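Have a look at the structure below before the remarks.
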Protein chains: 2
Amino acid sequence: MANEQLQEAVNALKNTKVRMTPQRHAILEYLYDSMSHPTADDIYKALESKFPNMSVATVYNNLRVFKNVGIVRELTYGDSSSRFDCVTTDHYHVICSDCGKIVDFHYPGLDEVETLAEHVTGFKVHDHRMEIYGSCQECKNMSH
Amino acid sequence: MANEQLQEAVNALKNTKVRMTPQRHAILEYLYDSMSHPTADDIYKALESKFPNMSVATVYNNLRVFKNVGIVRELTYGDSSSRFDCVTTDHYHVICSDCGKIVDFHYPGLDEVETLAEHVTGFKVHDHRMEIYGSCQECKNMSH
DNA sequence: GAATTGTTTATAAGAATTATAATGTAAGAA
DNA sequence: TTCTTACATTATAATTCTTATAAACAATTC
């Protein structure tokens, strides 16, 4: 299923001016396979063996390209570097404040929040973002 | 009322080992008076005339102190620098994707989201964060 | 096949934040 | 009060993440 989603993403790119390159494919593949929330540097390190000559800038550039096309989302949490997540179904993130672990969390979309915000503020609302913070099971046990 | 909240924050600090200094008071005062969401640099610039010798590091250090005590919250959006917000009542932020304006938005707390997340993930949930993105009225009109 | 457009690489530059060391200031004990 | 200790501030240097630049490369179009 990760493969199907990857294919969808590749197809989405075909409809734009964006060319498919080995590096791009590898970055997408890593994102869809790992299903984690890596930083640009995580991706860079993970692909080092496969692409010894790849530049960090390539990772950043392509993540931005993917973001603009809409197949990747950038997550900025408290920690220094951004994390990237492939846009699949609507889900939220539960984040461990102690170790930084990120777990996906499905929840019916908060549409009513968006509509209420439109009425109250006069904005044209496009999107929202929510994160939940806490201590994961491992870190909970650590603090005994 | 901003003054009352400021007093509360000052009192909260008295109960810790944290000392009150002129710089700290000025930073808090600015946060509570302006009711905006300034960056560290905004604060630094705003207090320049009052404290010509203050270092940027002081602003950063103290914002972190306030954050740890729990009277200030750090907001990390896509843009490069963090923004800081005094923790008052529970409210969310509506952010203009075009001009960056931030508007407060009151909404009954999403407690059920937190409890559901606890059950599903096994986390001990402390907190959550939500932001709503859209175009403010000015930017809506601009794009005609 | 030549020209154009887009891509990668390597490196340098930029910006935000943190660490360090020296100096300053307030609180507590003698 | 004076000495000592602990905390704060300042100035500067160092780090880290990210972006810009220019040259080399590859693919697409005419």
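Every chain is numbered from 1, with letters handed out A, B, ... down the list of sequences. These numbers come from the heavy atoms of this one structure, side chains and all, not from hydrogens, waters or symmetry mates. If you're wondering where the values come from, they're calculated on a predicted model, not measured in any experiment.
Contact check, A:Thr21 against C:dT8: a side-chain N or O comes under 4.0 Å of OP1 or OP2.
With rounding to whole Å, A:Lys14 atom NZ is found 15 Å from D:dT28 atom C1'. Atom-to-atom, CG of A:Asn68 to P of C:dT7 comes out at 12 Å; the value is rounded to the nearest Å. Taking atom NE2 of A:His25 as the reference point, atom C1' of C:dT8 lies 18 Å away to the nearest angstrom. Taking atom CG on A:Leu47 and atom P on C:dT9, their separation rounds to 11 Å, with Å as the unit. Taking atom CG on A:Leu13 and atom P on D:dA27, their separation rounds to 17 Å, with Å as the unit. Counting to the nearest Å, the P atom of C:dT7 and the CE atom of A:Met20 are 10 Å from each other. Between A:Asp42 atom CG and D:dT16 atom P there is a gap of 15 Å when expressed in whole angstrom units.
Within the 4.5 Å cutoff, side-chain heavy atoms of A:Arg129 are placed close to those of A:Thr76. Within the 4.5 Å cutoff, no side-chain heavy atoms of A:Ile27 are placed close to those of A:Phe51. For the pair A:Val18 and A:Asn68, the minimum side-chain heavy-atom distance is 4.5 Å or more.
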Summarise how protein sits on nucleotides 10-23 of chain C as a single string, 5' to 3': B when a protein heavy atom is under 4.0 Å from the base, S for sugar-phosphate-only contact, - for no contact.
B-----SSBB----

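In this model, no donor atom of one side chain and acceptor atom of the other lie less than 3.5 Å apart for A:Thr58 and A:Asn61. Side-chain contact annotation: A:Asp104 with A:His37, donor-acceptor N/O pair under 3.5 Å present.
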What nitrogen or oxygen pairs link the protein and nucleotides 3-6 of chain C at under 3.5 Å?
from, atom 1, to, atom 2, distance (Å)
C:dT5, O2, A:Arg19, NH2, 3.2
C:dG6, O4', A:Arg19, NH2, 3.4

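Residue pairs meeting the side chain to side chain donor-acceptor pair (under 3.5 Å) criterion with at least one partner in residues 107-120 of chain B, sequence neighbours excluded, are B:Glu114-B:His128.
Across all strands, A:Thr58 comes closer than 4.0 Å to base atoms (heavy-atom distances).
With A:Ser82 contributing its side chain and A:Glu74 its backbone, the two residues share no donor-acceptor pair below 3.5 Å. With hydrogens and angles disregarded, no donor-acceptor distance shorter than 3.5 Å links the side chain of A:Arg24 to the backbone of A:Asn62.
Closest of all the heavy-atom pairs between A:His126 and B:Gly134 is CD2-CA, 3.4 Å.
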